[in-house]
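Below is one structure, written out as structure tokens, with a few remarks after it.
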Amino acid sequence: MNDILKGIPDKRQDKNTTSLKFKKDLISYLGNDYKDKVCLEIGTSKGYSTRILSHLFKKVITCENNIDNINFAKDINKDRDNIEFLNKDVYNTPWDFKDIDVVFIDCNHEISYVLSDIRNAINLCRRNDDILLIFDDYGLDNPWEGVKEAIATYDNDDRFEIVREIGEPKGSDCNPRALLRDVEGVICKFTSKVEYKNIVFLMDIDLKGDGRYSSHRRDAYKYSIASWQKWCDNNNSELFVLNDLVVEHQKMAICWQRYYLFDILDANDIKYDQILMVDADTIVHPECPNFFDMSDSKYVGVHNEGSYDWIFRSIENYSKYIFGGKMIDWWRYINGGFQIVNGNHRNFFQNIISFYFTNQDNLVKLQETFHTGTDQTPLNFLLQLEGIDLKLLPYEFNMCDLPRKDILGEDLLFTKVGWIYQFNSIPNQKEHNITNYFMEKTYKHFHGELV
Amino acid sequence: MTKKNVVWWPAVKNVDHNDKFGNFEYFQYSRNTWEYWCEKNDVLFVPFEVPVEDDLFRFRINWQKAIFVFDELDKRNIEYDQIALVDSSFMIRWDTPNFFEMTDRKFTAWRDTDNMRWIHESIQGYRDFFGFFLDQSKYVNSGFIVFNENHREFFQSFKKMYYDNIDTIIELQDKIVKRGNEQTPLNYWLQINNVDVNIDLPIAFKLTHLQRKDMFNHNWQLDEDKTPFFIKYGYNFSFNGLPKDQRNNLMKQTWDMIKDNYK
């Protein structure tokens, strides 16, 4: 061990590296068991840990965005021949690595970045296998949420566990800026042997009477639900239909209540990998590709291609009265009827709920004054203002406003040119008769009579 | 000498269509905006006003703008870096960011999802001719595309394909499919040749079918700014998808509204 550590500074000498105790604990834990395995290091920095890892693994792939750091690290590791240095921005490029056994994460310590690191790392886990995730700065006392909070979001995930604490203990003065608030680092294990399914989440709530959620409007939702059930059956996913309000609808319009998603799933003891929240006025093509496989573990939506008069008015009205004049990129504005999320977005959804209750009176007043939507435009503001990493799928994955595209007709042309059809924005309807007609017709086109 | 980026701007007046297009007066409004933008961004503005082939029935301008682009640049001894082909029905906003810097030097285009029935029928119409299943989710508009020297062979082979099959294509174009000119064949050629097309730039750079998108409106609810949405939020707007005899008037109105920004 001393040979490996020769010339390596302690954290007290260089705050950008890990402590010697961290390195010793790591060497002790990994031992000779990983000599035939590959380690991916996220955040090379000066390359001291890289050097240690190169003694413990067959190969180390290390990623660093700062070219000066890479050159420094290459220099101090010039006698090591099993390190691949990559000049890579790990937050804006895909993690297209293969056959990784361990991921050493020591990059941006702000929670959203750590969550991204974790998500990308566990995506590297081979089917029916385990992957180790090693974190530095677990106990770092930052004024913002960091590594510890990111790992805590996996507390209820049976696939993820902390298997060893390593490095300096809580209260250590190894970091000159502040005493550690917890142990310096942790080793975690993620297993894919326990499979969590993807969930399709859909709301079908009967409020009786007239209005947006009246029984009549729901007449054709059964076709939506049935089409999604069949899609889920074919794509190893589970359908969850919410039939009950979480909050009285007088206090919160139903579409806002979908952001209780994670609480709802927890309350129903449903384990999940990714979740699609989709509106009940949709029909999915039975051969629709599995969009969960396209998410890159990001927040996913589909740009709302419809009436830009409505969209621009909505953006401007919400900007003026709710968001203090801030504006957003309209070409990234998504339809709220198709959103794919994962556990990393739990905090964001909590923020949406908090935002709603903080601004409830103004939101309701704005909704009733301008009629430019409920949650959709605020969602888009919050997504962009909070810097949520959003991936857009093509229009074919949420085909709203079909008449505007000249494809809603008796020939069901839309079924030939896309995958998910949202029967909204249909003019000249009486009690949603056209929406209901096409939902039924589309379902029967694919599946025959509903049984 | 540093090679400049080029805007290739086709604006050939087909006298047979003077009535339909109101003597093509709209060219000047498009030109005004593009010349300004090019100068501001150190880009060479290259108009294509004299056809290579005089028979504008067999060689529609929409075909000529694509199949002769490299020949014409060579003939004029123009050293180019990237080339933006933009139809003269487009007007570019004065402060549009330099899209040449966003292409990653790929063939860059924007999806066309305006009239999906028209597109579907056009794709179907040419399917047998090309013997290829085209992915409509990658179908792009050919009115504004950006490419570079790496795509010379692509365009030259596209030209050869046209010359080799001109009678068949004209028959399809004018009598059978009747859905556009070179756009759908270009899409087939892109996909058949597996060209890496960047379709990720914001649609603000290619705003087509403004009426279909309700973009001529302004925010009548706040009523604080009567600027039409397409000017306020678009970079490069096309006056297509409208009755062609309205184009002159709409582009003139637009120019009158925004011309002070181009001084």
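To find a chain, count down the sequence lines: A is the first, B the second, and so on, and within it residues start at 1. Because the structure is predicted, anything quoted here is derived from the model rather than measured. Every heavy atom of this structure was used, including side-chain atoms; hydrogens, water molecules and symmetry mates were not.
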| How long is the span from the OG1 atom in B/Thr113 to the NZ atom in A/Lys405, to the nearest 0.5 Å? | 3.5 Å
| query | More than 12 foreign heavy atoms under 6.0 Å from NZ of A/Lys391: is that the case here? | reply | yes
| note | To the nearest 0.5 Å, atom CD1 of A/Ile407 lies from atom CZ of B/Arg117 at 8.0 Å
| said: Heavy-atom count check: over 12 atoms from other residues, nucleotides or ligands less than 6.0 Å from A/Lys444 NZ? | reply: yes
| query | For atom NZ of B/Lys232, is the number of surrounding heavy atoms from other residues, nucleotides or ligands below 6.0 Å larger than 12? | reply | yes
| message | Only pairs of heavy atoms separated by less than 4.5 Å count here; which of A/Glu316, A/Arg332, A/Glu305 has the most with chain B? | response | A/Glu316
| said: For A/Asn428, is the CG atom crowded, meaning more than 12 foreign heavy atoms sit under 6.0 Å from it? | reply: no
| task | List the steps, then state whether side chain to side chain contact (heavy atoms under 4.5 Å, CB included) holds for B/Met116 with A/Leu413. | result | CA-CA 9 Å; B/Met116 294 181 77; A/Leu413 178 60; over 6 Å; no
| field | Atom OH of A/Tyr113 with >12 non-hydrogen neighbours under 6.0 angstrom | value | no
| task | Could you check if a side-chain atom of A/Asp406 sits within less than 4.5 angstrom of a side-chain atom of B/Arg212, using non-hydrogen atoms only? | result | yes
| said: With heavy-atom distances below 4.5 Å as the criterion, would you say the side chains of B/Asn217 and A/Phe312 are in contact? | reply: no
| request: Could you look at B/Leu210 and say if it's the side chain, the backbone, both or neither that has a heavy atom under 4.5 Å from chain A? | output: neither
| Under 4.5 Å from a heavy atom of chain B, the part of A/Asp411 involved | side chain
| task | May I ask you to test the A/Thr372-B/Gln221 pair for a side-chain heavy-atom distance under 4.5 Å? | result | yes
| task | Would you check, one step at a time, whether the test side chain to side chain contact (heavy atoms under 4.5 Å, CB included) holds for A/Trp330 with B/Ile203? | result | CA-CA 9 Å; A/Trp330 62 270; B/Ile203 62 166; 3.6 Å; yes
| query | Which bit of B/His209 is near chain A, if near means a heavy-atom gap under 4.5 Å: side chain, backbone, both or neither? | reply | neither
| request: Hey, could you give me the CZ/OG distance between A/Phe397 and B/Ser137, rounded to the nearest 0.5 Å? | output: 8.0 Å
| Carboxylate-amine/guanidinium contact B/Asp214 A/Arg313, below 4.0 Å | no
| message | For a 4.5 angstrom cut-off between non-hydrogen side-chain atoms, does B/Met215 reach A/Asp309? | response | no
| task | Assess the side chains of B/Asn219 and A/Asn317: does a donor N or O sit below 3.5 Å from an acceptor N or O? | result | yes
| said: Can a donor-acceptor pair be found, under 3.5 Å and without considering hydrogens, that links the side chain of B/Lys213 to the backbone of A/Ser307? | reply: no
| remark: Rounded to the nearest 0.5 Å, the CZ atom of B/Phe229 sits from the CD1 atom of A/Ile311 at a distance of 10.5 Å
| note | When rounded to the nearest 0.5 Å, the distance separating OH of A/Tyr308 from OH of B/Tyr233 is 13.5 Å
| task | Measure the NZ-CH2 distance between B/Lys206 and A/Trp331 for me, rounded to the nearest 0.5 Å. | result | 15.0 Å
